[in-house]
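What follows is a short report on a single structure.
Just so it is clear, the model here is predicted, and its values are computed rather than measured. When a residue number appears, it is its place in the shown sequence, counting from 1.
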Amino acid sequence: MQERGIDLGKVQARYNSIAPEDLWRDDRWHSVVSARIRSYLEEYMKVVANKSGYPRKIFNAGSGGNRYGLTGEVHVHADVSVRLLAGISQPVLATVERLPLRSESFDLCVCVGSVLNYCNAIETLHELGRVVKPGGFLILEFERSESFEYLGKDSFGRAASLVKTEYQSEEEIIWVYSESFIQSALEGLGFTVVRKHRFHVVSPAAYWITHSELISTPFALLDPILARTKHLSTFAANAIFLLRKNAGQI
């Protein structure tokens, strides 16, 4: 069974020290990721709307107070940071591993920004699956253990592995997960993959060579072209899924 392996208190303290508008500021590496997430969210929301209409009740897991342009009659935000939830009309102060929410309450759950990488994946996915209605949707993004960044290391390709990385020039510890591990867990919880993309390929490859985020991040400009190459996408740093919950599950 996967252990937490991450000090939740330290995560809370760090994110309570960051203003919402500064989450992606002065961090070009993660700004690239944020831009791609927003692009895929826009694409996936069109798919959701075409299949079942625009979702009325949305749950934004680990949102950091970010609405991502989503609307809905109900839009609940959950996060461990009090500061990042300030100004949110429907906030829930909680870890996504333990949600104080009713089962089958939401038409759509969004969990992006690598929230899953701070959590026990199995517990988190079960909770996200629990709160989504049958026929509802889940959009999930996470960092992959198959990334170029970990090539040659013990963590490469492992189902779950703790790694050291950087965020806003400070070292932090996160979990990285294999894509097959996450997809298998989701399918076991009754979800079907509707869309799936891998992204952020070229910068991690450059980082593997240079060991410098400053040098490697500009290579992200090549990502939209080179990430389409099947072999290169195998080593993408991030994956994002659009999934639909089957009827009668969880």
Verdict with reasoning, Phe199 to Tyr40, per ring-ring contact (aromatic ring centres under 6.0 Å, His included)
CA-CA 10 Å; Phe199 63 99; Tyr40 285 124; 5.5 Å; yes
Worked check of side-chain contact (heavy atoms from CB on, under 4.5 Å) between Tyr54 and Thr71
CA-CA 9 Å; Tyr54 198 89; Thr71 59; 3.5 Å; yes
What verdict does the side-chain contact (heavy atoms from CB on, under 4.5 Å) test give for Leu186 and Leu140, after you've listed the backbone C-alpha separation in whole Å, the side-chain angles of each residue and the deciding distance to 0.1 Å?
CA-CA 10 Å; Leu186 288 163; Leu140 177 74; 3.9 Å; yes
Please determine whether side-chain contact (heavy atoms from CB on, under 4.5 Å) holds for the pair Ser52 and Arg244, giving the CA-CA distance in whole Å, both sets of side-chain angles, and the decisive distance to 0.1 Å.
CA-CA 11 Å; Ser52 62; Arg244 192 167 196 178; 3.8 Å; yes
Step by step, work out the side-chain contact (heavy atoms from CB on, under 4.5 Å) result for Glu42 and Lys46.
CA-CA 7 Å; Glu42 183 177 346; Lys46 290 178 181 178; 4.1 Å; yes
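Here the side chains of Val80 and Tyr118 are not in contact, with every heavy-atom distance at 4.5 Å or above. Side-chain contact between Glu127 and Glu123 is absent, with no heavy-atom pair separated by less than 4.5 Å. In this structure the side chain of Ser161 never reaches within 4.5 angstrom of the side chain of Asp154, judged on heavy atoms. Counting only heavy atoms from C-beta outward, the side chains of Arg130 and Leu99 approach each other to under 4.5 Å. A heavy-atom distance below 4.5 Å is not found between the side chains of Leu243 and Val132. Side-chain contact between Arg195 and Val47 is present, with heavy atoms from C-beta onward closer than 4.5 Å.
With Asp107 as the fixed residue, the salt bridge (Lys or Arg N to Asp or Glu O under 4.0 Å) test singles out one of Lys133, Arg56, Lys57, Lys51: Lys133. In summary, of the residues considered (Tyr44, Phe142, Phe191, Phe137), a ring pair (Phe, Tyr, Trp, His ring centres under 6.0 Å) with Phe241 occurs for Phe142 alone.
The OG1 atom of Thr165 lies 4.5 Å from the CD atom of Glu149; values are rounded to the nearest 0.5 Å. Taken to the nearest 0.5 Å, the CG atom of Asp7 stands 12.5 Å off from the CD atom of Glu172. In this structure, CZ on Arg144 lies 15.0 Å from OH on Tyr177, to the nearest 0.5 angstrom. Considering CG of Asn50 and CE of Met45, their distance stands at 11.0 Å, rounded to 0.5 Å. Interatomic distance, Thr124 OG1 to His126 NE2, rounded to the nearest 0.5 Å: 11.5 Å. Atoms CG and CG, from Leu128 and Leu101 in turn, are 10.0 Å apart once rounded to the nearest 0.5 Å.
In summary, the aromatic rings of His75 and Tyr68 are positioned with their centroids too far apart to meet the 6.0 Å limit.
Partners of Glu141 by salt bridge (charged side-chain N to carboxylate O under 4.0 Å, His left out), not counting sequence neighbours: none found.
Judged by distance alone, the side chain of Glu97 and the main-chain N or O of Asn120 form a donor-acceptor pair under 3.5 Å. A donor-acceptor distance shorter than 3.5 angstrom exists from the side chain of Asn60 to the backbone of Asn66, with no hydrogens or angles considered. Listed for the Ser114 side chain is no donor-acceptor partner under 3.5 Å among the backbone atoms of Asn117. A donor-acceptor pair under 3.5 Å is absent between the side-chain atoms of Ser155 and the main chain of Tyr150, judged by distance alone. At least one donor-acceptor pair under 3.5 Å links the side chain of Lys245 to the backbone N or O of Gly129. A donor-acceptor distance shorter than 3.5 angstrom exists from the side chain of Asn246 to the backbone of Gly190, with no hydrogens or angles considered.
Of all heavy-atom pairs between Ile37 and Gly113, the closest is CD1-N, 3.7 Å. Minimum heavy-atom separation, Val115 to Gly62: CG2-O, 3.3 Å. Summarising the geometry of Gly65 relative to Ile88, their closest heavy-atom pair is O-CD1, 3.8 Å, with the distance given to 0.1 Å. Contact detail for Phe181 and Ala159: the closest heavy-atom pair is CD2-O, 3.2 Å. The minimum heavy-atom distance between Glu146 and Ser180, with the atom names listed, is OE2-N, 4.4 Å. In plain terms, the two heavy atoms of Asp79 and Ser63 that are nearest each other are OD2-N, 3.5 Å.
Criterion: ILVMFWY side-chain heavy atoms under 4.5 Å apart, direct or through other members. Under it, Leu93 and Phe59 are not part of a common hydrophobic cluster.
Ring-plane geometry between Phe148 and Phe235 is classed as parallel, the angle between the planes falling under 30 degrees on a 0 to 90 degree scale with a further cut at 60.
Ion pair Glu179/Arg198 flagged as a salt bridge, since at least one NZ, NE, NH1 or NH2 atom sits closer than 4.0 Å to an Asp/Glu carboxylate oxygen.
The local environment of CD in Gln90 is crowded, with over 12 non-hydrogen atoms from other residues, nucleotides or ligands closer than 6.0 Å.
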